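Structure, as structure tokens:
Residue numbering restarts at 1 for every chain, and letters A, B, ... go by the order of the sequence lines. These figures come from a predicted structure and were not determined experimentally.
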Number of protein chains: 2
Amino acid sequence: MQIGSLAEASDVSAKTIRFYEQRGLIPPPPRTSGGYRDYPAEAIQRLRFIRDAQGAGMTLADIGRILSVRDNGQAPCSEVSTLIAEHLDQVERRLTELTATRTRLRRLAHRAAGIDPDACVEADICTILVGRDRLTVPSAGTPGRPLPPTTIGRGGVEGGIS
Amino acid sequence: MQIGSLAEASDVSAKTIRFYEQRGLIPPPPRTSGGYRDYPAEAIQRLRFIRDAQGAGMTLADIGRILSVRDNGQAPCSEVSTLIAEHLDQVERRLTELTATRTRLRRLAHRAAGIDPDACVEADICTILVGRDRLTVPSAGTPGRPLPPTTIGRGGVEGGIS
DNA sequence: GTACGAGTTCCAGCACACTGGAAGGTCAAG
DNA sequence: CTTGACCTTCCAGTGTGCTGGAACTCGTAC
């Protein structure tokens with residue numbers, strides 16, 4: 001199976017597949033006499049797994065760790081469980097943050113609705129954003145991993161294999 | 001006021017201040033005879049505004065637009081209102097996505113808790129992540145702007161001015 | 001005069017997951 | 001033999017907001 005067919009079958013662009021190979025996420029397949037990559041059918045499964053794991057919010061680095069455990073013949077259950085728990089944790093924290101941001105934005109929108117632009121000209125820069133109740137910034141306690149934006153299907157894949 | 005004092009007063013590192021200047025967010029201040037930047041007190045306000053706007057989820061590009069409207073002597077109220085509305089929208093959508101992700105992760109965590117690793121060895125790659133009920137990926141309809149991770153206070157600022 | 005902190009410029013890199021494009025090779029059909 | 005789809009490698013760029021470091025100057029204290 002050539003890379004193009006695999007791309008179509010797995011809904012992952014050929015470029016991305018090569019990129020994954022380079023990152024060690026999928027093993028280098030054998031080549032045809034002409035130098036073309038020749039994938040076994042299992043490659044589809046592997047790519048699907050990668051997509052699923054990304055859907056669970058994991059980075060390629062996480063996924064690479066899981067896959068290498070698996071490639072060593074062990075069941076990666078405990079690693080996977082740990083990663084899931086970690087991500088759940090991050091998602092929870094992010095949700096908390098985002099909810100706070102939403103509250104802040106709603107307050108701002110409300111304030112903006114009742115503003116007189118002429119009065120505003122006198123003010124500092126913007127009376128909407130710099131109000132009396134200063135908007136304190138979350139200031140992210142432990143940086144940790146910033147939690148990928150979960151923008152998976154954007155751009156490349158939907159656009160087609162090219 | 002030198003850049004160091006401004007950094008301290010505004011809680012924005014000197015490096016970052018120069019970076020903002022280079023990005024056009026703060027006007028190049030006059031220089032001392034020795035070539036040092038010499039800031040007026042208003043610079044503190046401006047930096048605070050930038051931080052506040054970031055806290056509302058705006059990118060530096062957004063903030064730059066607001067500031068340039070302001071610098072032209074107009075009240076940026078309508079621009080600001082529009083931006084706020086846009087961000088609110090994005091935050092809402094992101095919250096929906098994240099909530100879905102959380103649900104997915106919870107299901108995964110639950111599944112992981114009742115897995116037999118030995119059974120898993122036989123399976124494809126990981127029975128937790130690749131289950132019968134395939135985890136469909138959000139597939140982000142309109143990409144739009146990915147909504148900055150709102151990780152404002154990480155690393156640089158808390159660490160100090162350096 | 002010399003040490004030191006704080007300033008200057010400029011270039012590079014991080015993290016993340018790709019994507020674009022150039023320049024060329026392979027293979028089947030016509 | 002040529003066309004064209006498909007493949008190859010490699011390098012560079014995207015976006016976001018900085019941060020690090022090198023190499024140098026300024027200003028003040030001792």
Next item on the list: Would you please test A:Asp62 and A:Glu86 for side chain to side chain contact (heavy atoms under 4.5 Å, CB included) and show each step?
Entry: CA-CA 11 Å; A:Asp62 289 335; A:Glu86 277 174 26; 5.9 Å; no
Length of the [atom1]-[atom2] vector between [X] and [N], whole Å:
{"X": "B:Met58", "N": "D:dG17", "atom1": "CE", "atom2": "C1'", "answer": "17 Å"}
{"X": "B:Ile50", "N": "D:dC18", "atom1": "CD1", "atom2": "P", "answer": "9 Å"}
{"X": "A:Asp38", "N": "C:dT26", "atom1": "CG", "atom2": "C1'", "answer": "14 Å"}
{"X": "A:Lys15", "N": "C:dA22", "atom1": "NZ", "atom2": "P", "answer": "11 Å"}
{"X": "A:Ile17", "N": "D:dT9", "atom1": "CD1", "atom2": "C1'", "answer": "17 Å"}
{"X": "A:Leu60", "N": "C:dA15", "atom1": "CG", "atom2": "P", "answer": "14 Å"}
{"X": "B:Gln90", "N": "D:dG15", "atom1": "CD", "atom2": "P", "answer": "16 Å"}
{"X": "B:Ile3", "N": "C:dT9", "atom1": "CD1", "atom2": "C1'", "answer": "12 Å"}

Item checked: side-chain N/O B:Arg37 vs C:dT8 OP1/OP2, d < 4.0 Å ->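 For B:Arg37, the contact criterion (side-chain N or O under 4.0 Å from OP1 or OP2 of C:dT8) is met.
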Next item on the list: Please state whether the phosphate of D:dG15, meaning OP1 or OP2, lies under 4.0 angstrom from any side-chain nitrogen or oxygen of B:Thr59.
Entry: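 Checking D:dG15 against B:Thr59, no side-chain N or O comes under 4.0 Å of OP1 or OP2.
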Margin query: Any N or O donor-acceptor pair under 3.5 Å from the base of C:dC27 to the side chain of A:Tyr36?
Written below: no
Next item on the list: Classify the side-chain pair A:Arg48/A:Gln45 by whether it contains a donor and acceptor separated by less than 3.5 Å.
Entry: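 No donor-acceptor contact under 3.5 Å links the two side chains.
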Notebook entry, point to check: Do B:Arg93 and B:Gln90 have a side chain donor and acceptor closer than 3.5 Å?
Noted result: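 On atom types as modelled, these side chains do not qualify, holding no pair under 3.5 Å.
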Checklist line | Minimum heavy-atom distance B:Leu25-B:Arg46, with the two atoms named | finding: O-NE, 2.9 Å
Note to self: With side chain to side chain contact (heavy atoms under 4.5 Å, CB included) as the test, pick out the partner of A:Ile50 among A:Leu67, A:Val12, A:Thr16.
What the structure shows: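 The single option meeting the side chain to side chain contact (heavy atoms under 4.5 Å, CB included) with A:Ile50 is A:Leu67.
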Margin query: Please evaluate residues A:Tyr39 and A:Ile44 with respect to the criterion side chain to side chain contact (heavy atoms under 4.5 Å, CB included), reporting the C-alpha separation (whole Å), side-chain torsions for both, the decisive distance (0.1 Å), and the verdict.
Written below: CA-CA 9 Å; A:Tyr39 291 97; A:Ile44 301 177; over 6 Å; no
Check: Rounded to the nearest 0.5 Å, what separation is found between the CD atom of B:Glu8 and the CE atom of B:Met1?
Finding: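 Rounded to the nearest 0.5 Å, the CD-CE separation comes to 9.0 Å.
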Notebook entry, point to check: To the nearest 0.5 Å, how far apart are CZ in B:Arg102 and CZ in A:Arg94?
Noted result: 13.5 Å
Notebook entry, point to check: Under a 4.0 Å heavy-atom cut-off, which of residues 18-35 of chain B touch DNA chain C?
Noted result: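 Listed by number, they are B:Arg18, B:Arg31, B:Gly35.
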Next item on the list: Only pairs at least two apart or in different chains count here, so list each side chain to side chain donor-acceptor pair (under 3.5 Å) that has a residue in residues 19-38 of chain A.
Entry: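 Qualifying pairs, neighbours excluded: A:Glu21-A:Arg37.
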Notebook entry, point to check: How large an angle, rounded to 10°, do the end axes of the helix from C:dG1-D:dC30 to C:dG30-D:dC1 enclose when each is built from five base pairs?
Noted result: 40°
Notebook entry, point to check: Of all the nucleotides listed (D:dC18, C:dG7, C:dA17), which has the minimum atom distance to the side chain of B:Gln2?
Noted result: C:dG7
